[in-house]
S.K.: 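Right, I'll just put the structure down here and ask away after.
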Amino acid sequence: LQTYNILIKISCRKKQFDKANQLLNWMWKQGFKPDVFSYGTLINSLAKNGHMSDALKLFNEMPERGVTPDVTCYNILMDGFFKKGDILNAKEIWERLLKDPSVYPNIPSYNIMINGLCKCGKFDESFQIWHRMKKNERGQDLFTYSTLIHGLCGSGNLDGATRVYKEMAEDGVSPDVVVYNTLLNGYLREGRIKECLELWKVMGKEGCRSVVSYNVLIRGLFENKKVDDAISIWELLPEKDCCADSTTYGVLVHGLCKNGYLNKALSILEEAENGGGDLDTFAYSSMINGLCKEGRLDEVVGILDRMTKHGCKTNPHVCNAVINGFVQASKLEDALRFFGDMVSKGCSPTVVTYNTLINGLSKVERFSEAYVLVKEMLQKGWKPNLFTYTMLMKGLCQCDKLDMALNLWCQALEKGIKPD
RNA sequence: GUGCUGCUGACCG
């Protein structure tokens, strides 16, 4: 049985779900009754890869086949549905878990609910679940605390997040590095530098700083225009025995560019290339975007070249940045040409690609071409979003086609788009 | 050593 379960696991890791399913059926035929782990393993990787209906089907057939789903199976499904943004199904599984007399929600169940509801913007419901968790005297673990702090920061309630952090001490629980990082990030996003630095000191004293901590701090300092501080944290990394990862470089290049330090960004990128730094497409796309925004389009081709030379694949983000660079420089023909070449680079246009081009075309009143692109976008299954409508309306307003703009406005509202 | 949950980075108005 264990051997079969390991085979299932291997197939799943290779994303060969059909094969894993066959193994499951094979087991039945051979008289090895699959257990809750056989099912759990397969349901888990189906869920992780977004195949929720298949995962649900398997889950539903478990009782019929005489295998009782345990709480982990429920947890896997709830988490999977939340990660797809499918709140209704996630909640339905939760209800079934509460009703099922043979299983009880455990701490991960509550954590998944709290996290999922927060990520879907349902903060109130999430905090209700938390209260229920406390009332039931289920303990809370570190996942619970960091999830809550994350949710509270995300809902703009930093004081609430700080309170949860303080509560941990009262509960006799020491924060781990994820709890610290989450709160640190919350402070930086709200520009609360003073509190951030106090927390940073505590983290140092506790010896609780990871490379993520540094990434969070560097990103936040850049966001708050503390360029010199960000750079000196970066320069001190080696003596802190911390090794920069690809995110570090992404954050650095992005932060430097956004603050106008393009040449510094270029030199860090080059340094990383020569020194075996861990670079990925994020760093390059930040660099390319920075150059495009400054109109240094002639340098972009060279960077694109270096990017592929260093093993980083071109992706839609990169192409979109370049296309936008051309649009901003009023080089529409170049933008359209690059758009035409995207697919040969292995990139399919996204809604952002279309928005960028629609923006460029409507700025110069080439509406008929813009509408051709809108049609193409719809055909490819992309839904126009707030940006799409905004740019079309802006173009129409600029050439006094107010009636058409108003028409679009109504259409946007009908589609359920919330104007900002 | 068989399955579940938390932290950080890039593109469009």
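All heavy atoms count here, side chains included; hydrogens, waters and symmetry mates do not. Letters A, B, ... are given to chains in the order of the sequence lines, protein chains preceding strands, and every chain is numbered from 1.
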S.K.: Counting just side-chain N and O atoms, does A/Asn115 come under 4.0 Å of either OP1 or OP2 of B/U5?
M.R.: no

S.K.: With the threshold set at under 4.0 Å for non-hydrogen atoms, list the residues of residues 71-83 of chain A touching RNA chain B in residue-number order.
M.R.: A/Thr72, A/Cys73, A/Asn75, A/Ile76, A/Asp79, A/Lys83

S.K.: Looking at the side chain of A/Met391, which of B/G13, B/A10, B/C7 is the nearest nucleotide?
M.R.: B/G13

S.K.: Does the separation of the ring centres of A/Tyr74 and A/Phe59 fall below 6.0 angstrom?
M.R.: yes

S.K.: Sort and list the pairs that fulfil salt bridge (charged side-chain N to carboxylate O under 4.0 Å, His left out) and have at least one residue in residues 323-340 of chain A, not counting sequence neighbours.
M.R.: A/Glu333-A/Arg366, A/Asp334-A/Arg337

S.K.: In terms of side-chain heavy atoms of A/Pro108, which of B/C7, B/C12, B/U5 is nearest?
M.R.: B/U5

S.K.: Sequence neighbours left out, what passes salt bridge (Lys or Arg N to Asp or Glu O under 4.0 Å) with A/Arg132? Give chain and number order.
M.R.: none

S.K.: B/U2 P sits how many Å from A/Leu24 CG, rounded?
M.R.: 18 Å

S.K.: Nearest-Å distance, CG (A/Leu237) to P (B/U8)?
M.R.: 19 Å

S.K.: What I want to find out is whether A/Lys309 reaches A/Glu273 closely enough, with some N-O distance under 4.0 Å, to be called a salt bridge.
M.R.: no

S.K.: Just jot down the side chain to side chain contact (heavy atoms under 4.5 Å, CB included) partners of A/Asp35, sequence neighbours excluded, or say none.
M.R.: A/Leu1, A/Asn5, A/Phe37, A/Ser38

S.K.: The side chain of A/Asp70 lies closest to which of these nucleotides: B/G13, B/G3, B/G9?
M.R.: B/G3

S.K.: Does a distance-only test, which skips hydrogens and angles, find a donor-acceptor pair under 3.5 Å between the side chain of A/Asn355 and the base of B/G13?
M.R.: no

S.K.: How would you label the contact of A/Gln140 with the nucleic acid (heavy atoms, under 4.0 Å): base, sugar-phosphate, or nothing?
M.R.: nothing

S.K.: Out of B/G9, B/C7, B/C12, which nucleotide sits closest to the side chain of A/Asn359?
M.R.: B/C12

S.K.: For a quick check of understanding: with a heavy-atom distance under 4.0 Å over all strands, which category does A/Ser146 fall into, base, sugar-phosphate or nothing?
M.R.: base

S.K.: Kindly point out which of B/C12, B/G6, B/G13 is positioned nearest to the side chain of A/Lys394?
M.R.: B/G13

S.K.: Has A/Gln398 got a side-chain N or O lying under 4.0 Å from the OP1 or OP2 atom of B/G13?
M.R.: no

S.K.: Mark yes or no for a side-chain to base donor-acceptor pair under 3.5 Å between A/Asn315 and B/A10, with no hydrogen or angle criteria applied.
M.R.: yes

S.K.: On the side chain of A/Thr147, is there an atom forming a donor-acceptor pair with the base of B/G6 - under 3.5 Å, no angle test?
M.R.: no

S.K.: Can you list every pair that meets ring pair (Phe, Tyr, Trp, His ring centres under 6.0 Å) and has a residue in residues 307-346 of chain A, with sequence neighbours left out?
M.R.: A/Phe339-A/Tyr354

S.K.: Is the shortest side-chain N/O distance from A/Arg189 to OP1 or OP2 of B/G9 below 4.0 Å?
M.R.: yes

S.K.: If the condition is salt bridge (Lys or Arg N to Asp or Glu O under 4.0 Å), which residues does A/Asp54 pass it with, not counting sequence neighbours?
M.R.: none

S.K.: Give one of base, sugar-phosphate or nothing for A/Asp420, where a contact means two heavy atoms less than 4.0 Å apart.
M.R.: base

S.K.: Does anything in residues 35-48 of chain A reach RNA chain B, meaning a heavy atom under 4.0 Å, and if so which residues?
M.R.: A/Val36, A/Phe37, A/Gly40, A/Thr41, A/Asn44, A/Lys48

S.K.: So if I apply the side chain to side chain donor-acceptor pair (under 3.5 Å) rule between A/Glu223 and each of A/Lys226, A/Lys225, A/Arg219, which one comes out positive?
M.R.: A/Arg219

S.K.: Base, sugar-phosphate, or nothing: which does A/Leu148 touch, judged by heavy atoms less than 4.0 Å apart?
M.R.: nothing

S.K.: Rounding to an integer number of Å, can you tell me how far A/Met113 CE sits from B/U5 P?
M.R.: 16 Å

S.K.: Between residues 155-169 of chain A and RNA chain B, which residues have a heavy-atom gap below 4.0 Å?
M.R.: none

S.K.: If you look at every strand shown and take non-hydrogen atoms under 4.0 Å, does A/Thr350 touch a base, only sugar-phosphate, or nothing?
M.R.: nothing

S.K.: With sequence neighbours left out, which residue pairs that include part of residues 241-258 of chain A fulfil the salt bridge (charged side-chain N to carboxylate O under 4.0 Å, His left out) condition?
M.R.: none

S.K.: Between B/U2, B/G6, B/U8, which nucleotide has the shortest distance from any of its atoms to the side chain of A/Val212?
M.R.: B/U8

S.K.: I want to check one thing: is the phosphate of B/A10, taken as OP1 and OP2, less than 4.0 Å away from some side-chain N or O of A/Lys293?
M.R.: no

S.K.: Step by step, would you call A/Leu23 with A/Leu42 a side chain to side chain contact (heavy atoms under 4.5 Å, CB included)?
M.R.: CA-CA 10 Å; A/Leu23 276 164; A/Leu42 181 49; over 6 Å; no

S.K.: By the 4.0 Å heavy-atom rule, please label A/Val178 as base, sugar-phosphate, or nothing.
M.R.: base

S.K.: Tell me if the side-chain of A/Asn324 makes a donor-acceptor pair with the base of B/G13, cut-off 3.5 Å, by modelled atom types.
M.R.: no

S.K.: Could you check whether A/Thr247 gets within reach of a base, just the sugar-phosphate, or nothing at all, counting any heavy atom under 4.0 Å?
M.R.: base

S.K.: Would you classify A/Val327 as touching base, sugar-phosphate or nothing, given that sugar-phosphate means primed atoms plus P, OP1 and OP2, and contacts are heavy atoms under 4.0 Å?
M.R.: nothing

S.K.: Mind listing the side-chain donor-acceptor pairs of residues 160-168 of chain A below 3.5 Å, one per line with the distance, residues two or more places apart or on another chain?
M.R.:
unit_1: A/Thr162; atom_1: OG1; unit_2: A/Leu158; atom_2: O; d: 2.8
unit_1: A/Thr162; atom_1: OG1; unit_2: A/Tyr187; atom_2: OH; d: 3.1
unit_1: A/Glu167; atom_1: OE1; unit_2: A/Lys134; atom_2: NZ; d: 3.3

S.K.: Out of B/G13, B/A10, B/U8, which nucleotide sits closest to the side chain of A/Ser285?
M.R.: B/A10

S.K.: Test of understanding: with salt bridge (Lys or Arg N to Asp or Glu O under 4.0 Å), list the residues that count as partners of A/Glu92, not counting sequence neighbours.
M.R.: none

S.K.: Give the nucleotide from the list B/G13, B/C7, B/G9 with an atom nearest to the side chain of A/Phe282.
M.R.: B/G9

S.K.: List in chain and number order the residues that pass side chain to side chain contact (heavy atoms under 4.5 Å, CB included) with A/Ser102, two or more places apart in sequence or in another chain; answer none if no residue qualifies.
M.R.: A/Thr68, A/Asp100

S.K.: Just say parallel, tilted or perpendicular for the rings of A/Phe123 and A/Phe127, cut-offs at 30° and 60°.
M.R.: parallel

